[in-house]
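Predicted model, so just to flag it, every value in this text is computed and none were measured. Counting starts at 1 for both ligands and their atoms, following the listed order.
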Amino acid sequence: MTYVAFLLFLCLISCVPSSSYAQNADLKLPLKAVNLGNWLVTEDAMKPSRFDGINNKDLLDGTQVQFLSTKLNKYLCSENGGGTVVVANRPSASGWETFRLWRVNETYFNFRVFNKQFVGLGSQGIEAVSNTPTDSETFQIVRNDGDLNRVRLRAANGLFLQAQTETLVTADYAGSSWDDNDPSVFKMTIVVNNLHGEFQITNGYGPDKAPQVMQDHWNSYITEEDFNFMSANGLTAVRIPVGWWIAQDPNPPKPFVGGSLEALDRAFTWAEKYGMKVIVDLHALKASQNGNEHSGARDGYQEWGDSNIEETVAVIEFLAARYTGRPSLAAIELMNEPVAPGVTFDALTKYYKAGHDAVRKHTNAYVILSNRLGPVDSKELLSFASSLDRVVIDVHFYNLFSEGFNNMNVQQNIDFINNQRSSDLSTLTSANGPLVFVGEWTAEFARNDASKEDYQRFAQAQLDVYGRATFGWGYWAYKCEQNHWSLRWMIENNYIKL
Ligand SMILES: *[C@@H]1O[C@H](CO)[C@@H](O)[C@H](O)[C@H]1NC(C)=O
């Protein structure tokens with residue numbers, strides 16, 4: 001044995017944790033997986049009723065509102081988009097006239113403006129200069145009983161905000177009428193209300209109610225019986241979306257609540273019992289990698305970047321260390337659906353390298369790298385990934401979310417799978433490169449008129465093509481109120497047979 005070979009030998013026995021051999025020893029690729037979406041990371045559309053118990057549930061974090069002064073018939077506007085005064089002189093509303101809510105409790109809010117400052121009390125009237133909300137940036141939205149979108153805004157000094165003139169908005173009004181010519185009355189329009197994720201549900205219920213509501217959900221949404229069902233029906237793995245706060249369980253930062261880690265532990269136990277594998281997928285990153293509700297975003301701003309790499313690697317290392325001893329751990333996915341150009345190639349690959357190395361300190365389980373969504377070359381990670389060990393590229397294939405699909409008939413949708421998706425997969429597949437995983441797909445498509453047989457054919461085409469992905473595929477999702485998005489429903493109703 002040469003010295004170099006001896007060093008390598010030493011490294012092999014010491015650098016790679018021994019438990020990791022068990023992890024991949026019996027891994028049968030490709031995997032047939034299903035996503036346990038809306039379990040540990042909330043997505044409202046999959047079960048909207050979870051939000052029903054929240055007061056003022058139309059005013060959750062990230063809701064975007066505009067305020068029209070009924071007296072002046074002009075919109076409130078953060079001049080220049082922020083950094084200076086708030087005025088009331090705009091006849092129509094767009095970005096600078098739109099305010100994103102940060103919910104303090106069910107009636108008190110902060111208003112975040114276009115350039116991300118918060119509306120607050122200034123010496124010359126209302127302004128948007130503070131980068132962090134304090135009491136002076138907190139307002140009560142007082143809604144009119146007869147018309148909830150007729151509001152008055154009470155400032156921290158107890159007085160109401162009033163549009164005195166088009167260029168002077170102050171918080172010094174003590175009146176209480178709801179008349180149109182009252183300078184403190186505004187028509188509030190909710191213009192965007194598309195965030196209903198983990199942040200919104202936990203902050204919406206608040207610290208008294210959220211822990212129980214979430215615990216009940218985690219206990220009931222996915223149970224041992226589900227693992228029994230999955231394994232009996234030919235599924236071999238689950239992909240489990242988790243949020244960054246899981247690493248701080250049982251006391252994650254507010255408003256998140258503890259308990260999701262125990263639920264994940266249970267999933268590993270059930271997976272072992274029913275012979276399934278687990279992919280842990282970091283779906284929600286602090287500061288948000290895509291602005292979507294399923295990233296845990298508070299207000300829709302996508303802010304993940306270089307300064308978040310270290311803390312995100314720490315989450316990955318926490319997960320790797322915790323589950324390294326579990327034989328069912330198949331892979332850890334470092335980040336779900338980063339969106340370009342907000343997440344840059346440089347920041348992403350720097351993070352992927354560090355995340356990969358953090359996983360390797362504990363286990364040789366696969367490391368999954370999500371392709372960026374947005375205007376990028378789908379092969380952009382290939383050569384980078386080839387320098388790493390046991391990695392997988394994750395692509396998500398939906399015949400949805402873009403105009404082109406709306407005009408396709410059923411056969412065209414199927415042809416698109418057989419031609420375009422098939423070639424997309426071939427392009428990503430190379431003998432010595434990373435494996436490929438179609439980590440999300442669904443049998444739903446933009447055909448409201450499709451018959452059961454159409455769905456069967458569309459699903460089968462995808463099973464055939466995605467079955468060639470070297471690492472496997474993952475249906476989105478296991479359980480969902482919209483039937484075609486629920487693999488359980490699709491199997492029980494004979495739309496899909498594995
Ligand atoms: C809501 O927050 C405001 C501002 O911090 C506080 O004054 C008020 O007491 C809170 N209300 C409830 C019900 O907690």
Are [X] and [Y] in a cation-pi contact, defined as NZ or CZ under 6.0 Å from the six-membered ring centre and within 45° of the axis?
X: Arg100; Y: Phe111; value: no
X: Lys479; Y: Tyr221; value: yes
X: Arg150; Y: Phe186; value: no
X: Arg152; Y: Phe160; value: yes

### Query
Who's the nearest protein heavy-atom neighbour of atom 7 (O) of ligand 1, and how far?
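Of every protein heavy atom, Tyr108 CZ, 4.2 Å lies nearest to atom 7 (O) of ligand 1.
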### Query
Which protein heavy atom lies closest to atom 5 (O) of ligand 1, and at what distance to 0.1 Å?
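Ranked first by proximity to atom 5 (O) of ligand 1 is Val104 CG1, 4.0 Å.
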### Message
I want to confirm something. Looking only at heavy atoms, which of Asn105, Asp208, Thr134, Thr107 is nearest to atom 14 (O) of ligand 1?
### Response
Asn105
### Closer than 4.0 Å: a protein non-hydrogen atom to atom 9 (O) of ligand 1
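Answer no: nothing from the protein, no heavy atom, is under 4.0 Å.
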